[in-house]
Every structure is written in structure tokens, then in C-alpha cells.
Asks: 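This is the structure I want to talk about, given as C-alpha cells.
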Amino acid sequence: MTSLKSDFLRRLQDRGFIHQCTDLEALDAKAAKGPVTAYIGFDATADSLHVGSLVSIMLLRWLQKTGHKPIVLMGGGTTKVGDPSGKDESRQLLSDEEIAGNIASIRQVFERFLTFGDGPADAVLVNNADWLDSLAYIPFLREVGRHFTINRMLAFDSVKLRLEREQPLTFLEFNYMILQAYDFLELARRRDCALQMGGSDQWGNIVNGVELGRRIAGKELYGLTTPLITTAAGAKMGKTAAGAVWLNEARLSAYDYWQFWRNTEDGDVGRFLRLFTELPEDEIGRLEALEGAGINEAKKVLADEATKLCRGAEAAEAAAETARQTFEEGKLGAELPSIEVPRAELAGGVALFELMRRAGLAESNGAARRLIKGGGARLNDAVIGDETRQVGPGDLNSEGVVKLSAGKKRHALVRAV
């Protein structure tokens, strides 16, 4: 393993963040000498990022904690194009108003992880629409386009995989890698940004930016990527039966967020503690060595620490207490996710599968039906195997509440109003 001098890269290496780097030795020397400005780009295709972006967010947090300056680059311009990486079809085109709303919502998450301001290590949020929207087409092609060959662009995974699957790739999307490279050039010119970071799927795009900055502006730029995070079972991290694990509170309750981490597979606990918390290495070593029932305590620590970072200490404590009441005392915890259903609607009976979907315990009615048929659904803690089961007034407790469960770990309340 390379012996690193800079606190930033040493910390990243120890905690498992580094996958590839264009010149690790030179970047290490630069980071050891003084503050480095670095960025990661995030497109604004929804009003929240999901947990799949969390490695990148933690990367920016460690950058700032070790004395360097993070730039959060929001893709107000590139969102209008759509990154084809890992996609079989074109993204839906959003209006300027929708993109602006998404950026405002996403910023709330970054404000929990980073300190924004005007200081030398304070984070800044930048929108690439500031330069992309005003580009003149012919001058842009002459300055930037001549540095990209179609031969090489066709070899990139984001393009090659789409074509191999015989899925259409629009000329709009084909431009994405050029625009991303141009972003790095602009940030190098405007903000003396020397490092672009991102997930391993962005390696080709990042290298393009490094080379473009050298060719056009003579800049010494660097790229660094993180590994693709999969679970111990080989699944893509962040996918659940109910859909994506969103970072914004409006999209996913603090309790459900806490539960996501609490349900981590045993084999992932140590790795996730290093990536998604700031616990010191000796404490992580102690926790990951626990066996049997002890590993559940380590999972609770992971859930507490990850939720504190994203939602705050108060929300983490409330989620942990709700889980304790629900699982250890059999009570209906106050923080359990809940939906409201008019009493008049319940009077006529509502299908259990419909309520499971509404409560976020299944992605669709079909998924809820399969859950019920498979014996994984509970109504007031009783297993229900009849997919046609109706929920009515007789199922309400004295407080007008019904408890729904998907398996043993995911619960929601239906409140009659």
C-alpha cells in the first residue's frame, strides 16, 4: 500500500474511499503542501439525492475536515442533457423551473454535511448552467470539440453499453462527456480547482476533463474515483423493496433512514462504518469484531451515526427510540412512518395491498400482493396470507390506528382521520 503524506488522502485510503487516481503521488504531494480545491458534480434530476450519492458526499466532507475546499457542482446545465452512464434510455427532460427547485431541495442535504461560506476551506455550491447556458455553439466546437475523437467516445462504457444493447443514444446525450470535461476546465479557470472526484463509473469523464485542462489551459489537474459500493450479497447499495433510500426528509422519514442502516448485512458493518460515519478506526475495529447478537449493537451504532450526519442528532435519537419501543416492547413507536386514511374510506374496506403500497412498504400493488402471498405481510402483527384481505374499522385499535408490517423489520401506521 502506498505510504501517503497528506492527511486527506491517508484518511481516504484508510477508510476505503480510493479506487483510482490519475497520479496519486503528485496529488498527495500537492495536498500535503497546502489546501486543494476539489469538486464533485451532481445532476438535479430529482428533488433529493439518494444513498448512492453518499460516498461522494462523505468524500467532500473529509476533504473539508482535512483543510481543503469543496465545490458542490450542481448540474443545472448538464441535467438538461442527461448522463447516459448506466442508463438504457434517455432521461426525462426537465424545465428550468423544475431543475431550480430540485437544486434548492438538494442543497438542504449538503448543508448538513458541509460548512458553506467565504472562508478558504468553506464549501461553495456552483451551478454549471452559469457557463453552459451561454455557450456559443461554433466557438465551443472549435475550442473544445476538436480535442475529442468519435473513435474514443464510442469506446466509453456509457456509450458502448447503450449501443450493445441496441438502445438509442441521442446526440444530446452523446455531448454529456464533453460538457462534463468542460466543467472541469471552467472550474480550474474560475476557482483554481485542481481535483475532480466521483464514482468509478465517472472515471472516463474525469480523465477527459484532466486532459482537456492540460491541453487548453496548461493546467495540472487530477482525478480520483471511489469504488462501486455493493452489499456483501452483491446487490447495488441503496435499493430496497420500497424503492430508493432518499436523503431528504420529505422523501424518506428519519425512522426509515435509520432502519435502512440498522438492516445492514453482517458482512458490511465494518466497511459501512468506515465509509458512512466518522467513528475512529479503533472503535470501528472493536465494533466489527463483535459476533452473534453483538453485531446488532454495531448495526445500531452505524444507524445512529449515519442518521446523525444526514438528519441530525435529535432525529437519530427519536428513530432509535421508536425502534426500541417497536421491537423490544412491542409498542407503536411515535416516529413510525404513518399515512392518514379517511374513516369514510375505511368504512367500505380498503385492500391491504393498496395500504401497503401507500405506506411505502411496497413499490407497487403487484409487489404488495406478492409480499402478502409469500407470507411476508402483517396486519397488527398477525401474518396475512390472503391477498384480497380488506382493512376496515374493525382492524383499528382504540386510538384509530392500524399497524402494517413488511417482514419483521419494516413497519408503518395507518391512522383513521
Side-chain angles (χ1 to χ4, degrees), residues 20-31 33-43 56 59-60 63 68-85 123-160 169-225:
Q20 290 173 291
C21 184
T22 53
D23 189 338
L24 188 62
E25 191 175 327
L27 177 60
D28 184 42
K30 184 176 178 66
K33 197 179 300 180
V36 171
T37 299
Y39 88 96
I40 299 178
F42 302 86
D43 278 343
S56 291
L59 201 56
L60 290 173
L63 179 83
H68 305 282
K69 187 176 185 70
I71 296 175
V72 177
L73 179 67
M74 293 307 306
T78 42
T79 298
K80 298 171 187 175
V81 175
D83 183 359
S85 301
V124 292
L125 187 141
V126 178
N127 187 341
N128 64 12
D130 291 349
W131 53 83
L132 295 181
D133 279 4
S134 58
L135 283 176
Y137 191 56
I138 298 301
F140 177 73
L141 288 179
R142 286 172 64 87
E143 181 191 18
V144 177
R146 62 194 179 90
H147 295 288
F148 290 80
T149 67
I150 296 296
N151 316 55
R152 188 174 177 200
M153 291 170 76
L154 288 172
F156 278 94
D157 284 345
S158 59
V159 174
K160 187 167 64 176
L169 179 74
T170 67
F171 180 68
L172 178 71
E173 295 169 286
F174 196 57
N175 280 272
Y176 189 93
M177 65 182 77
I178 301 178
L179 297 178
Q180 185 171 329
Y182 186 71
D183 283 343
F184 200 176
L185 175 63
E186 280 294 320
L187 288 173
R189 286 168 165 168
R190 293 168 179 241
R191 296 182 177 266
D192 197 27
C193 181
L195 171 64
Q196 181 184 175
M197 304 183 292
S200 58
D201 62 329
Q202 296 298 316
W203 176 249
N205 291 332
I206 290 172
V207 170
N208 280 339
V210 169
E211 293 180 354
L212 190 68
R214 177 178 54 79
R215 288 174 180 170
I216 292 182
K219 298 276 189 181
E220 191 62 45
L221 305 179
Y222 305 90
L224 184 149
T225 61

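The model shown is predicted, which means the values in this text are computed figures rather than measured ones. Quick note: residue numbers are just sequence positions, from 1.
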Asks: Counting C-beta onward and ignoring hydrogens, is there a side-chain heavy-atom pair between T22 and W203 closer than 4.5 Å?
Replies: yes
Asks: Working note: D192 + T37, criterion side chain to side chain contact (heavy atoms under 4.5 Å, CB included); need CA distance, chi angles, decisive distance, verdict.
Replies: CA-CA 7 Å; D192 197 27; T37 299; 5.6 Å; no
Asks: State, yes or no, whether a side-chain contact exists between E186 and D130 at a heavy-atom distance under 4.5 Å.
Replies: no
Asks: Is the closest side-chain donor-acceptor distance between Q196 and Q202 under 3.5 Å?
Replies: no
Asks: For the residue pair A31 and H68, what are the closest heavy atoms and their distance?
Replies: O-CE1, 3.4 Å
Asks: Measure across A129 and G76 and return the closest heavy-atom pair with its distance rounded to 0.1 Å.
Replies: CB-C, 3.8 Å
Asks: Compare every heavy atom of M177 with every heavy atom of V159, then report the nearest pair and how far apart it is.
Replies: CG2-CE, 3.5 Å
Asks: For the pair V126 and Y39, evaluate side chain to side chain contact (heavy atoms under 4.5 Å, CB included) and give the outcome as yes or no after the intermediate values.
Replies: CA-CA 10 Å; V126 178; Y39 88 96; over 6 Å; no
Asks: Any side-chain heavy-atom pair from L132 and D183 closer than 4.5 angstrom?
Replies: yes
Asks: Show every donor-acceptor pair shorter than 3.5 Å between a side-chain atom in residues 210-225 and any protein atom, with sequence neighbours excluded, or say none if there are none.
Replies:
from: E211; atom 1: OE1; to: R152; atom 2: NH1; distance (Å): 2.8
from: R215; atom 1: NH1; to: H147; atom 2: O; distance (Å): 3.1
from: T225; atom 1: OG1; to: Q20; atom 2: N; distance (Å): 3.3

Asks: Could you verify whether a donor N or O on one side chain and an acceptor N or O on the other, from D43 and T78, lie under 3.5 Å apart?
Replies: yes
Asks: Is any side-chain heavy atom of E143 less than 4.5 Å from a side-chain heavy atom of Y182?
Replies: yes
Asks: Could you grab the distance from atom CG of L187 to atom CG of L195, nearest 0.5 Å is fine?
Replies: 11.5 Å
Asks: Tell me if a side-chain donor or acceptor on N128 pairs with a main-chain N or O of G77 at a distance below 3.5 Å.
Replies: yes
Asks: So, taking the atom named SG in C193 and the one named CG in L73, what distance separates them when rounded to the nearest 0.5 Å?
Replies: 9.0 Å
Asks: Would you call D133 and K80 a salt bridge, taking side-chain N to carboxylate O under 4.0 Å as the test?
Replies: yes
Asks: Which atom names give the shortest non-hydrogen contact between G199 and S56, and what distance separates them?
Replies: N-OG, 4.4 Å
Asks: Any side-chain to backbone donor/acceptor pair from R146 onto R142? Under 3.5 Å, distance only.
Replies: yes
Asks: Verify side chain to side chain contact (heavy atoms under 4.5 Å, CB included) between F42 and L125, making sure each step is shown before the conclusion.
Replies: CA-CA 11 Å; F42 302 86; L125 187 141; over 6 Å; no
Asks: Step by step, work out the side chain to side chain contact (heavy atoms under 4.5 Å, CB included) result for N205 and F184.
Replies: CA-CA 10 Å; N205 291 332; F184 200 176; over 6 Å; no
Asks: Report yes if the side chains of F174 and M153 come closer than 4.5 Å at any heavy-atom pair, otherwise no.
Replies: yes
Asks: State, yes or no, whether a side-chain contact exists between V72 and V124 at a heavy-atom distance under 4.5 Å.
Replies: no
